[in-house]
Every structure is written in structure tokens, then in C-alpha cells.
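Note that the structure is a prediction, hence the values are computed from the model and not measured.
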Amino acid sequence: MLILEFLVKRIAQGVLIVVLTSLIIFTLLRVVPGDPVRLIVGGMAPDNVVEEVATKMGLRDPIVVQYARYMAGLARGDLGQSYIRPRSGGVSAGGQYVDPTKAEMAPVTSLILERLPLTLQLGGVALVFALLMSFPIGIAGGLHQNGWQNSLAFGVQSLFVSIPNFWLAIVLILFLSVKLDWLPALGYQGFSYVLLPAFVLAVEISPFIIRTLTTALGEVMQAPFIDEGRVRGLSRRRIVYSHALRNASVPLINLLGIQLSTLIGGVLVIEYIFDYPGLGNLTVVSVLGRDFPVIQGIAITTSAVFVFINILVDLVAYLVDPRVEI
């Protein structure tokens, strides 16, 4: 019953967050300088043609009317159609003019569903890499608070947090792809194309996992119930894996929720550098082309993913430790 009340409350909060996000993004896109119609019809098009196309697209209506029309479509599951991407593929902005008011334009929902699995794959592999790197270092540092293992954990997290992700991406491309030809770097033609960008993202989030794991495990190992376990004759391995890690996992789970949100933000830069055809790449291209419907659709989708991740994290933390307030 408690979990049901939690889900109802958090889903209602999540819907409110998504609506507010859509309102903010929708308004900002229409008040910032720059007219997407001018990009669509070309810089040499006469003003009357620009106004005619803008009127047909509904961009000269008041923002409130445009937003109400957009939300009515969203309620039916329709995120609109791209301004610059025909169904046949490619981007028409700056090249051949394609009338964005006609049905030949690609639906935003299709564009997002086509790219979202690739971004989720990249984020998932990056998270696995980050956990593989962080767990041995973080656990060793937490179990040996005064040893060299703790110093090593501090050094690794300090090194990783000081490396800019775009610099690391360029270095890895030049060394592993161009010089050694071990891994492909640009584009996507299979799973091997995920490894380099995923490693860069993993380096970005690993320091926070290492620090949280080291600190939480170090505090748990000083708790009275650990001493009681030793008195009862429990082995160190059983104390660590059956009791200490479980109690230290709650702050780690909360941190992973935050880092997953950070990961989605970091994907924007990394996908563009590696020319990886995910949501991040689509976002950058859409912002440059002022493709309002696609930008709005991606903002709504990512905010919904944030809400889902936060609900899932709180639920998992409660299941691990029922003392956690939800």
C-alpha cells in the first residue's frame, strides 16, 4: 500500500515536471532571436514567402495558442513533424527546400524512437564500464581508510575528474583509432563503435562513484554492528559482502540515479564528437537547424526518462533498506 501511494504521488509529480519542461522549452524556442522559417526557405527568399510559410506552419499565432495546439497533439501521442527532415531522410535546411507544412516531413516520434535505443545502449555500456572501474578501487579504498588503497582511490578520482571529456575523446580517437587502428571511432556500424564513447563517459562519472563508495563503506566499517560481527566470529569476507556493502549501497544507489541523469547530459557532447547517431547528435543538429518540434520532443522524452530513473532509484533504495523514507 505504501509503495502504491509512493508510485501515484511520484507519477503525478513526474507528469507536472514534464508539462513544466515542455512549457519552458516551448516558450524559450519562440522568444530567442532567429526565425526557423528563414532557414527553411533560404536566406534569399522574399519576405512575403517567409511570412506565407510561417503562417501555414502556425508560427505567427500567439504562443499560448501554439502551445495549446502542441499539447493537444501531445495528448494524442503526436509530437509533431520535423521542420527540416523529410521522411526519405537527410536534412533539407540550407539545401533543397522542402515544404514543412506538407506530410512528407518525418514524424518526431519516429526520429526519437529510431535514435533512443542507440543512446540507451551507449549509456548502458558506459555505466557498466564505470562500475567495473569504480567498484574494485572504491571497495579497496573504503576497507583500508589509512592504507595506500585509499590514497590510490583519491588519486584516481582526482585524475578522472580533472580530465575534460572532449580532450579524452580526441586523444583516444587519435591513439586507438587513427594510430593503432584497434577500435572504430566515428559513426555507427555495430557494437564496436560504442566502446570508445562509452569509455569516455565512464571516466566522466567514475570519480563520483569511487568517492561515494569509499566514504560510505569507510563509515559503515566503523559502525558498532561490524564490531559485533567480529565478536560473533564472522569472517571478514562475510562481514564485508553480507553486511557492510548492503548498508553502503543506499547512498550509492541514490548517486547512480544522479549520475544517470548526468550521463544523458554528457551524451550530447560525446555523441557529436564521435558522430554517434543517437539522441545527443540529433539534438545538436536540430538546435543548429532550429527544428523546434524535434527539440521539444527530445526535451519531453529526456525529462520523462529523468522522472522514471528517479522513481526507480527511490524504489530500489527502499527495497534494499526499508528504513529509507519514500
Side-chain angles (χ1 to χ4, degrees), residues 6-32 36 63-64 66-85 106-124 126-127 165 197 201 204-205 208 253-272 276-317 326:
F6 161 77
L7 289 176
V8 171
K9 183 175 71 174
R10 293 300 300 272
I11 290 174
Q13 292 173 346
V15 171
L16 179 61
I17 291 171
V18 172
V19 171
L20 288 176
T21 301
S22 68
L23 176 61
I24 293 171
I25 291 293
F26 194 92
T27 305
L28 285 177
L29 288 174
R30 280 152 183 80
V31 298
V32 294
I63 292 178
V64 175
Q66 294 183 48
Y67 183 68
R69 188 164 54 227
Y70 181 75
M71 292 305 290
L74 182 61
R76 299 191 302 269
D78 180 12
L79 290 172
Q81 290 178 299
S82 170
Y83 287 170
I84 62 176
R85 290 178 177 275
V108 174
T109 305
S110 299
L111 290 173
I112 292 176
L113 291 179
E114 179 184 327
R115 304 295 187 99
L116 184 60
L118 292 173
T119 295
L120 292 178
Q121 177 182 242
L122 175 58
L127 184 61
N165 58 5
L201 289 170
E204 187 176 353
I205 64 174
F208 307 100
I253 291 170
N254 291 325
L255 175 78
L256 286 179
I258 298 172
Q259 289 307 309
L260 282 174
S261 303
T262 304
L263 196 62
I264 294 175
V267 159
L268 292 179
V269 176
I270 298 304
E271 285 190 356
Y272 192 69
Y276 186 83
L279 274 187
N281 198 318
L282 180 63
T283 302
V284 175
V285 175
S286 300
V287 169
L288 294 177
R290 299 188 63 77
D291 196 353
F292 288 176
V294 176
I295 300 170
Q296 291 159 186
I298 292 174
I300 291 173
T301 302
T302 51
S303 61
V305 171
F306 287 158
V307 168
F308 174 75
I309 289 174
N310 285 324
I311 293 175
L312 186 63
V313 165
D314 288 345
L315 196 57
V316 171
I326 60 174

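- The two residues Ala299 and Thr21 have their closest heavy-atom pair at O-CG2, 4.1 Å.
- Stacking of Arg290 on the aromatic ring of Phe292 is not recorded, the 6.0 Å distance cut-off and the 45° axial limit not both being met.
- Of the residues listed (Val305, Ile298, Leu111), the one engaging Leu279 in a side-chain contact (heavy atoms from CB on, under 4.5 Å) is Ile298, and it is the only one.
- In this structure, CD1 on Ile205 lies 12.0 Å from CG on Asn165, to the nearest 0.5 angstrom.
- When all heavy atoms of Val294 and Ser286 are compared, the closest pair comes out as CG1-OG, 3.1 Å.
- Rounding to the nearest 0.5 angstrom, the gap separating the CD atom in Gln296 from the CG atom in Leu28 is 10.5 Å.
- With no hydrogens or angles considered, a side-chain donor-acceptor pair links Thr119 and Glu271 at under 3.5 Å.
- Residues Val285 and Arg85 meet the side-chain proximity criterion, which asks for heavy atoms closer than 4.5 Å.
- Pairing each heavy atom of Val313 with each of Ile253, the nearest pair is CG1-O, 3.4 Å.
- Contact detail for Pro277 and Leu118: the closest heavy-atom pair is O-CD1, 3.3 Å.
- The shortest non-hydrogen separation linking Leu79 to Val108 is O-CG2, 3.6 Å.
- Side chain of Asn281 to backbone of Tyr272: no donor-acceptor contact under 3.5 angstrom is found.
- Considering CZ of Arg76 and CG of Leu74, their distance stands at 9.5 Å, rounded to 0.5 Å.
- Remark: side-chain polar atoms of Asp291 are paired, donor with acceptor, to backbone N or O of Tyr83 under 3.5 angstrom.
- Summarising the geometry, atom CG belonging to Asp314 is positioned 4.5 Å from atom CZ belonging to Phe6; distances are rounded to the nearest 0.5 Å.
- Panel note: side chain Asn310, backbone Phe306; a donor-acceptor pair is recorded below 3.5 Å.
- Counting heavy atoms from C-beta outward, Ile270 and Tyr276 have side chains that stay 4.5 Å or more apart.
- Atom CG of Leu120 and atom CG of Leu127 lie 12.0 Å apart (nearest 0.5 Å).
- Here OG1 of Thr302 is found 10.0 Å from CG of Leu116. Values are rounded to the nearest 0.5 Å.
- The aromatic rings of Tyr70 and Phe26 sit tilted, their planes meeting at an angle between 30° and 60°.
- The shortest side-chain heavy-atom distance between Val307 and Ile311 falls under the 4.5 Å cut-off.
- Val19 places none of its side-chain heavy atoms less than 4.5 Å from the side chain of Leu23.
- Between Val18 and Ser303 the shortest heavy-atom distance is CG2-OG, 3.8 Å.
- Between Ser22 and Met71, some side-chain heavy-atom pair lies under the 4.5 Å cut-off.
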